[in-house]
Peer 1: 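Can you read through this structure? Questions will come right after.
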Amino acid sequence: MEFNKPRGTRDFLFDEMRHRNEVASSLRNVFENYGYQEIKTPLFEELKLFTTKSGEEIIDQLYNFTDKSNRELALRPEITAPVARLYLNELQKSSSKPIKLYYYGSCFRYERPQKGRFRQFWQFGCELIGAKSPEGEAEVIAMCNDSLDKIGITGADININHLGIIRGLFKHFNIDAATQREVMVVIDKGDKELLEESLIGENPLIDSEELNQVLIKLIDLVGDKSILKDIEELIKEYEEPKDSFEELKQLVETLNSFGVNNYTINLGVARGLDYYTGIVFEVYIPELGAQKQVCGGGTYSLIKVFGGEEIESTGFAFGFDRLMNAIEELTDQKELGSHIDVYIAPINEEVRPKAFEIAQLLRRNGIACDVDLNRKKFKKLMNHANNLKVEKVIIVGPKDLEENNVTLKDMNSGEQDIISIDSIVNTLKEEE
RNA sequence: GCCGGGGUAGGGUAGGCGGUCAUCCUACGGGACUGUGGAUCCUGUGACUCGGGUUCAAAUCUCGGCCCCGGCCCCA
């Protein structure tokens, strides 16, 4: 009988896990450097947590099930909603604001797998709860930027938008909610021709010629902070978008103070969801093709959606697997050395107990080592050590042992020294 | 959900107009070689994705499932 892993899942072997752990650890360093603390939430939650956030339709893309007590549950498809729940359950009344937390864990979506998209995938993200925009937003974006830097990704595009600007325009022109959503969906696709077709083609979604023209010009404005004045010019006639525009302007100024300059202002970033209230941002890595988005986030009022007190939250999440793809695509992977420092090879049966003693001596002193567990012939042990790419081998043989010595062999140069057992630890540590 | 390309030992492959024992490389085990690895030689284990159909005969042709790869839709 043969077993296969479920569709859309992966096994990770030694080297890949080492790479992934290395990247995760870099991200942890950056996040903790910004004062964030790690949390963990359950892999499954009540189904309604996710349907409340995103609507009943997402059940199609959830792994949901009924447990033996008839509870409606679902594997988490993302971690923002669980974090909001955790905040309401545990932190709302007890923690002084702002709260900075981060998470790293896997999520599950029932979707068609393809490049950079799996049914089990990992998200590494953060939430800043209860900080005043735009400084909170600026710091979050700065941390995102530093994270990419730290893991060696250059050339990523950070795209920033403030949804309030377009929403303000909608309000000014009295556009109903359904139409707004339709237009946002088209905007989110980032297809300029499609947008023009939808707005000024045969059957315009919006019946205001004036708004259509403004929208098309706005979406076309993509660039650095110099485009702010063009945006201002376009919307100067209207009262409703002004506050949001001011916030965007302040964000840009604050980003400057945080030392972040390599971003793009792009009013085409929509992120669809109704609960986003302020800025939104996405990070793209063009080399990744169809699944180029590696990060998404923004400011939202999800907690209010869940029945908590109104509070400003800003967060983002990296698609961890896509980051790994990007690293593979954009950087030279450095060769991984052996996973152990030393291999201990006993020459015959009699000295094997001594080899175990030496192994434990090294391990207790923080030196990672392996020792023969298979009673193999000495020659095979050397072969094995070579396959492990280990740099040093300690040869334990009766002749040396008479003087309480062992032979330390350097596998790269082939040189070997006879050293006393008492000096092994120090000798190995010096050579680190 | 839709479109295209695929699936042969652990990994990588040849074969593919149906017809000897299914090829080679690598990895793995043992040996040549009883205190010294990477080389060489010998040797062993190990595969046609699954199911139905056509046929005297299917890895090969055909239909369907499963899975993988790329794209569309979607993407909280």
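So that the names make sense, note that chain A is the first sequence line, chain B the second, and so on, each numbered from 1.
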Peer 1: Specify the separation, in whole Å, of atom CZ of A/R117 and atom P of B/C69.
Peer 2: 13 Å
Peer 1: Would a line drawn from the ring center of A/F121 to the ring center of A/F108 be shorter than 6.0 Å?
Peer 2: no
Peer 1: Using a 4.0 Å heavy-atom cut-off, does A/G414 contact any base of the nucleic acid, only the sugar-phosphate backbone, or nothing at all?
Peer 2: base
Peer 1: Counting just side-chain N and O atoms, does A/K189 come under 4.0 Å of either OP1 or OP2 of B/C74?
Peer 2: yes
Peer 1: Tell me what A/A290 touches on the nucleic acid: a base, only sugar-phosphate, or nothing, going by heavy atoms under 4.0 Å.
Peer 2: sugar-phosphate
Peer 1: Of the candidate nucleotides B/G31, B/G38, B/C2, which contains the atom at the shortest distance from the side chain of A/R112?
Peer 2: B/C2
Peer 1: If you look at every strand shown and take non-hydrogen atoms under 4.0 Å, does A/K399 touch a base, only sugar-phosphate, or nothing?
Peer 2: base
Peer 1: Determine whether any donor atom in the side chain of A/N383 lies under 3.5 Å from an acceptor atom in the base of B/G37, or the reverse, and answer yes or no.
Peer 2: no
Peer 1: In whole Å, what is the span from the NZ atom of A/K377 to the C1' atom of B/G29?
Peer 2: 12 Å
Peer 1: So, do A/F31 and A/Y102 have ring centers that fall under 6.0 Å from each other?
Peer 2: yes
Peer 1: With a 4.0 Å cut-off on heavy atoms, is A/T407 in touch with a base, just the backbone sugar-phosphate, or nothing at all?
Peer 2: base
Peer 1: Given B/G35, B/C68, B/G71, identify the nucleotide with an atom nearest to the side chain of A/R7.
Peer 2: B/C68
Peer 1: Without decimals, in angstroms, what is the distance between A/K292 NZ and B/G70 P?
Peer 2: 17 Å
Peer 1: Please work out if A/D400 contacts a base, only the sugar-phosphate, or nothing of the nucleic acid, heavy-atom cut-off 4.0 Å.
Peer 2: base
Peer 1: Can you identify which nucleotide, out of B/G37, B/G71, B/C74, has its nearest atom closest to the A/K379 side chain?
Peer 2: B/G37
Peer 1: Any idea which of B/C73, B/A76, B/G35 is nearest the A/E78 side chain?
Peer 2: B/A76
Peer 1: Does the side chain of A/Y103 come under 3.5 Å of the side chain of A/K40 through a donor N or O and an acceptor N or O?
Peer 2: no
Peer 1: Quick one: A/K376 NZ to B/U34 P, roughly how many Å, whole number?
Peer 2: 16 Å
Peer 1: Could you give the CZ-to-P distance, from A/F316 to B/C75, as a whole number of Å?
Peer 2: 22 Å
Peer 1: Look at the side chain of A/K115 and decide which nucleotide, out of B/G70, B/G29, B/A76, has an atom nearest to it.
Peer 2: B/G70
Peer 1: With a cut-off of under 6.0 Å to the ring centre and 45° to the axis, is A/R20 in cation-pi contact with A/W122?
Peer 2: yes
Peer 1: Check every strand shown and say whether A/Q416 touches a base, only sugar-phosphate, or nothing at a heavy-atom separation below 4.0 Å.
Peer 2: base
Peer 1: Just compare B/G35, B/C75, B/U36 and give me whichever is closest to any side-chain atom of A/I347.
Peer 2: B/G35
Peer 1: Tell me whether the side-chain N or O atoms of A/R10 pair up with the base of B/C68 as donor and acceptor below 3.5 Å, since no angle test is needed here.
Peer 2: no
Peer 1: Check every strand shown and say whether A/G8 touches a base, only sugar-phosphate, or nothing at a heavy-atom separation below 4.0 Å.
Peer 2: sugar-phosphate
Peer 1: A/Y63 and A/F65: aromatic ring centres closer than 6.0 Å?
Peer 2: no
Peer 1: I want to confirm an ordering. Mapping A/Q291 and A/K380 to their closest nucleotides on RNA chain B, which one lands closer to the 5' end?
Peer 2: A/K380
Peer 1: Paired with B/C33 by Watson-Crick or G-U wobble geometry, both distances under 3.5 Å: which nucleotide is it?
Peer 2: none
Peer 1: If you check every side-chain atom of A/F378, which of B/C73, B/G37, B/U36 has the closest atom?
Peer 2: B/U36
